[in-house]
Amino acid sequence: MDAHLICDAERRYPGGATIEARFEVPLDGFSVTVLFGPSGSGKTTVLRLLAGLERVDQGRIRAGGEAWSDAAQNIHLGPQARNLGFLSQDYDLFPHLSVYANLGYGLRDLEASARQARTEELLELLDLRGLGERRPAELSGGQRQRVALGRALARRPRLLLLDEPFTALDRPAQLRLRRELRELLRGLALPTVLVTHDRDEALHLGDRIVVLDQGRVCQSGDIQRAFDRPTDPAVARILGVETVVRGRVEGVAEGLATVAVGPARIFAADPGGLGQQAFVCIRGEDVAVERQGVAPSGSTARNRLPGTITTLHAEGALVRLSLDCGFPLECLVTRQACQDLGLVEGDAVTAILKAAAVHLIPHD
Amino acid sequence: MDAHLICDAERRYPGGATIEARFEVPLDGFSVTVLFGPSGSGKTTVLRLLAGLERVDQGRIRAGGEAWSDAAQNIHLGPQARNLGFLSQDYDLFPHLSVYANLGYGLRDLEASARQARTEELLELLDLRGLGERRPAELSGGQRQRVALGRALARRPRLLLLDEPFTALDRPAQLRLRRELRELLRGLALPTVLVTHDRDEALHLGDRIVVLDQGRVCQSGDIQRAFDRPTDPAVARILGVETVVRGRVEGVAEGLATVAVGPARIFAADPGGLGQQAFVCIRGEDVAVERQGVAPSGSTARNRLPGTITTLHAEGALVRLSLDCGFPLECLVTRQACQDLGLVEGDAVTAILKAAAVHLIPHD
Amino acid sequence: PPRRLAIAAAADLQFALVDLKAAFAKTHPETELALTFGSSGNFYTQLTQKAPFDLFLSADLSYPKKLVEAGLADGASLFTYSRGHLVLWVPKTSPIPVETLGMKALLHPAARKVAMANPRYAPYGKAAEAALLKLGLLEAVQPHLVLGDNIAQTAQFVQSGAADIGILALSLAMAPVMQASGRYVEVPLDAYPPLEQGGVIPNHSQNRADALAFRAFLLSPEGLAILRRYGFQAGGA
Amino acid sequence: MDWQAVRLSVQLASLTTLVLLGLALPLAYWLAFTQRRWKFLVEAVVAMPLVLPPTVLGFYLLMALGPRSPLGWLWERAFGHTLPFSFEGLLLASVLYSLPFMVQPLASAFAGVERGLIEASWCLGESRFRTFVRVIVPLSWGGILTGLVLSFAHTLGEFGVVLMVGGNLPGRTRTVSIAIYDQVQAMDYGPAARTAALLLGVSFLVLTLTYALRRSQRKPWTLI
Amino acid sequence: MDWQAVRLSVQLASLTTLVLLGLALPLAYWLAFTQRRWKFLVEAVVAMPLVLPPTVLGFYLLMALGPRSPLGWLWERAFGHTLPFSFEGLLLASVLYSLPFMVQPLASAFAGVERGLIEASWCLGESRFRTFVRVIVPLSWGGILTGLVLSFAHTLGEFGVVLMVGGNLPGRTRTVSIAIYDQVQAMDYGPAARTAALLLGVSFLVLTLTYALRRSQRKPWTLI
Ligand SMILES: Nc1ncnc2c1ncn2[C@@H]1O[C@H](COP(=O)(O)OP(=O)(O)OP(=O)(O)O)[C@@H](O)[C@H]1O
Ligand SMILES: Nc1ncnc2c1ncn2[C@@H]1O[C@H](COP(=O)(O)OP(=O)(O)OP(=O)(O)O)[C@@H](O)[C@H]1O
Ligand SMILES: [Mg+2]
Ligand SMILES: [Mg+2]
């Protein structure tokens, strides 16, 4: 049986936009598919189509061989039958129920004690201790968002749909939650579709990405590939260009991690919690370039990667260099620096990069 | 007359937290005061106290000599009498009114033509063209947030209160709106209190900051000072440490800006729209350190700043160096690099920094 | 347990029936009277639907007759117990001297609102209208008329002062409350057709024996005497 | 067919509904938002007219409005005719009698308006009153409609009080429901049925129009 | 004091309210959420019982329930007594008569529940029915209370229909409102006033309790 969610559907808002959703989501075991795109591009609509909250105007949605929606055959499975967790952008907490009751709402089938254990666990995970008896109106915005996330998780559904789950949180809380959420989802082998417009969040949590723009899917597939090779400039603009490569963690010693990316070794500060695999994120602004052959000075910059300039592209005040260092590396330098060194395409250069400036995102 | 909003008030939620708000907001002309703090720290409550939507349980709020709230004297001025613009975290758009009508809701005193001009202008500013006739239910989350922002702005009130105005927007839209909002507010000479948990947003938009934690103000005052000298580790943790200094823009040529920070000159990529003043943000990860006296190699790194190590502090896998380069500069290097160069406090070093890695935030 | 005799009685009988009940109980202690007062028209309608009444005392003989015609009651059980009398009634404080003016009182300037029962269906209303017509007063009085649903409501109109003068049943005018608060004069008997008040025992009566017994008691000298005390004068006497 | 009665009824029902709306809007607002401890007493009092049988209520009203009561006396002095048996008296009685039908749906609709929206309006400089007009009332549309329909229909069908206070005067206080009653009492079942059908028809038309109007005004709102 | 009548009235009103609640919950749900084009027709039909004067409605009901009607005939065969002039008949009539008082407030409250909350419940696996029970009903509390109070009070005060269909049989169908009516008709103003006061008192107590209960249940919700 095909363990994929196959979405090939259209939703036309009367007097509004048309959203065309064509992509796949693996359903066998843990994986996070990120829906990424600017405001109004149709992310929420796609999620609602998946949830069965909007009817498909054309096309179909099939999950593991089962038809969820099919406009031609007039099939529309209700959300109840899809076994989902859905976190809406507006939270939609039940105002008449306490935080406890909101979290336990979908757990009718559980025994009281199991239900309580589950909700306690969620309160802990979501840093909501002591708020169990409150009503949603007595919570702050971020607390409400966390309760809504917990409620979607509680049932351990077959598919989790999260619409911008962390927007109302401060950065430290976001980081912590992302990490713990990914752990939890992996533990539950729970496939997830996540809407976000935060690139870091996408990279941290996502395995696959679906890039939306103006109601259409511009690109979808492995998140690495999308950041590597955006199919068109629109996608590149939406994603924000930066080097994002997957590497194998070779070792961690004294706070310094060594990651193999293709033939290259990259030293990076250990973010903690590294496993086998990690995304190596390098911002173009952080990469300096030297002519090859210059003697290395005693600087704290750890990484010196030999490579060649494949393309050279003026971008306003800056020049974007695409290097081939055994993996594609983007580098952003000022126009003046480029002129001073007289860089042209094909030149052999050394890319210089502080270990502390390499951003590792654990990804197992 | 004292053109300050002086808040010295407490709000005790029955069965919940107590929020103590003590800070000042200048009311004469344009300035942005940022309320910063983790989720649940009391930001929204403070804003609601200022708006007159919550009663002060103790203390008082005075604006330019006028008592807005005073628990002792049982004074409570309604929100109507305070002449504010308030964007709530839940948007609270009127569901029965079109986008046009929502934007024009507070503009009863304007003539129809002026009202229309104002709303058109806002639609333009907020990138909502063509959505004027829609109802809020027919908008995406980010579109709703923008309409709510526009509605708060429309009346050109005496004080603007914004509760996390950009959370639902994608990064490019955020950046654009921040820039344009600041321009607009300056043009209108509109003092603003802004809640955010995004440091970039705080730095981009804020002049002053009020840091909240667990219902108490930990620090308040000039945003530069707060980032320079957090009064305690809690504040530092909340703000996220990084070098943020104000500098004077000396010139821009060929995409490279020269900014004077104290005695030092820093080269940075021109973000566009620079005026006289800018925040220079330097992430510790981006600064490499060299022993002084080493001959400079022909690298694209533009900035070579002589300085001395004032403190040296191990932080997990990394070592944080505080340098004095005529201004305080934080530098984060791996422990190994630090050992290799044998750095100790008091050493004279050169900080190396790519121009492209210096983040300028225009700030006039 | 005592046998139950359910009686549906016209509203104007309520004062008289209290005494009648007491007197009847002396001779028939085993029978319990369950009295329901209301408009005769309603009772008629209800009896056509087998309302559980054993005896019907109407304000108007026409309703019992109709029941017989419809085959719902035995013609043999039909009886007349009284003839209704009309009076002109004004409150004690009224400036209208009914006693001296007689029927002309209706034309008195203070008689701005004249209350009477609805002539379309209330027996006393029909009689009152006939009287006004016969006396040539109808046209003059018409604009001042206010119509009560039944004779009891008509009495309330005047008694409350909302209407200035009313054409009521003698039985009501003799009720203690009315007697205490007003004055009245009888409408000449020859001005309206006899207001025959009669009753019948419906076929579905559950307690025909007691119904017959009560009818007999009502028509006995003792019964007729009590009726007379409340303004019901049998045989047009 | 008694067209006069129909016209009168529609007039009375419309006017009553209008007057009630005017009375109930502020009263319901107060009930929905006040924090007075004794509010529940007022709520109970408002519901009282429901409880007394109409004719009995009518009787007490007749006493209260009659020329012997202070109100009735004043009225007669001012207008030269008594309050009972007049259209104005009928109107007054109907308003009193139908009060809860308007107040209750309104108050519960008002209380259901999201607080955030009210606050948003205040922050945009609108007074409580204008917020009421511009936000609370439009968002309570369903409740207001319920109130209007219930009051109108109830007044149209009202009979006990009207009979008592109105005195069944053709053209002035004989409403169509009294006319039907008359016909039924007089056992004119044919005309009664026809008039009843007319009353039902007219009401049905009014109600249908009202609901159809709402249908077109509101977005369809369904559970998929 | 006619305690029997009071007890009967309270019984009738309670039972009617209960039955109505059972009927109105699904009906109001349907009205609030259906998308059928002819829904407005049903809404109009539901409001109809309001429009006919009670005694006239009572007359037609009497005809419809009487032993000559199919329903009445069946009933008599099955239970050995006629439907009119019995408590059951009274209940049936009251339910019919008070239907709109329950349905309308309920439907408008249901329609006011935020769609997102309903959807959230579905997504948590709850069926429409259970969503109705767990989300829509609790959030429509105000409307349900309004419906309960209006129905209860209205049945308690009902008189025309009850008189016609019930036949004013002491102990069986003589409700307190009819008892008062009788007393007023008999010009026993003293007892009438006392019984009325009792009726008002009981109702007031019930209503007060209801509203006070709600007050304690709900968070205070005020405009500052
Ligand atoms: N009910 C509706 N009727 C008409 N147009 C709608 C409706 N709902 C959404 N839209 C439009 O469809 C487009 C996609 O909306 P959607 O909510 O899916 O965007 P989104 O990607 O979630 O945006 P955001 O990041 O702002 O939440 C938007 O342009 C929006 O205006
Ligand atoms: N009505 C209330 N009753 C009781 N406690 C409340 C109430 N409203 C807020 N609180 C509590 O007060 C604290 C501050 O809430 P507030 O909404 O001001 O936080 P915030 O800083 O805006 O957080 P966020 O960033 O999540 O929006 C929180 O702990 C919250 O739980
Ligand atoms: Mg969205
Ligand atoms: Mg908040």
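In the text below, chain A, chain B and the rest are named by the order of the sequence lines, each starting its count at 1.
Contact detail for B:Gly142 and A:Ser39: the closest heavy-atom pair is CA-OG, 3.3 Å. Minimum interatomic distance between A:Gly141 and B:Gln89 (heavy atoms only, all atoms of both residues): CA-NE2, 3.5 Å. Among all heavy-atom pairs drawn from A:Gly284 and B:Lys354, the shortest one is O-NZ, 3.2 Å. Across all non-hydrogen atoms, the minimal contact from A:Arg171 to B:Asp198 is NH2-OD2, 3.6 Å.
Both the backbone and the side chain of A:Thr167 come within less than 4.5 Å of a heavy atom of chain B. For a residue to count as touching a neighbouring chain, one of its non-hydrogen atoms must lie under 4.5 Å from one of that chain's; by this rule A:Asp163 does not touch chain B. Neither the backbone nor the side chain of B:Gln145 comes within contact range of chain A; no heavy atoms are under 4.5 Å apart. Interface residue A:Glu164: only side-chain heavy atoms are found under 4.5 Å from chain B.
In this structure, the side chains of B:Pro38 and A:Pro172 stay at 4.5 Å or more apart for every pair of heavy atoms.
Between A:Asp170 and B:Lys43 no salt bridge is recorded (no basic side-chain N to carboxylate O distance below 4.0 Å).
Close approach to chain A, defined as a heavy atom under 4.5 Å from one of its heavy atoms, is seen in B:Arg134 of residues 126-134 of chain B, taken by number.
When each of B:Ala173, B:Ser41, B:Gly40, B:Gly42 is checked for heavy-atom pairs under 4.5 Å with chain A, B:Gly40 comes out on top.
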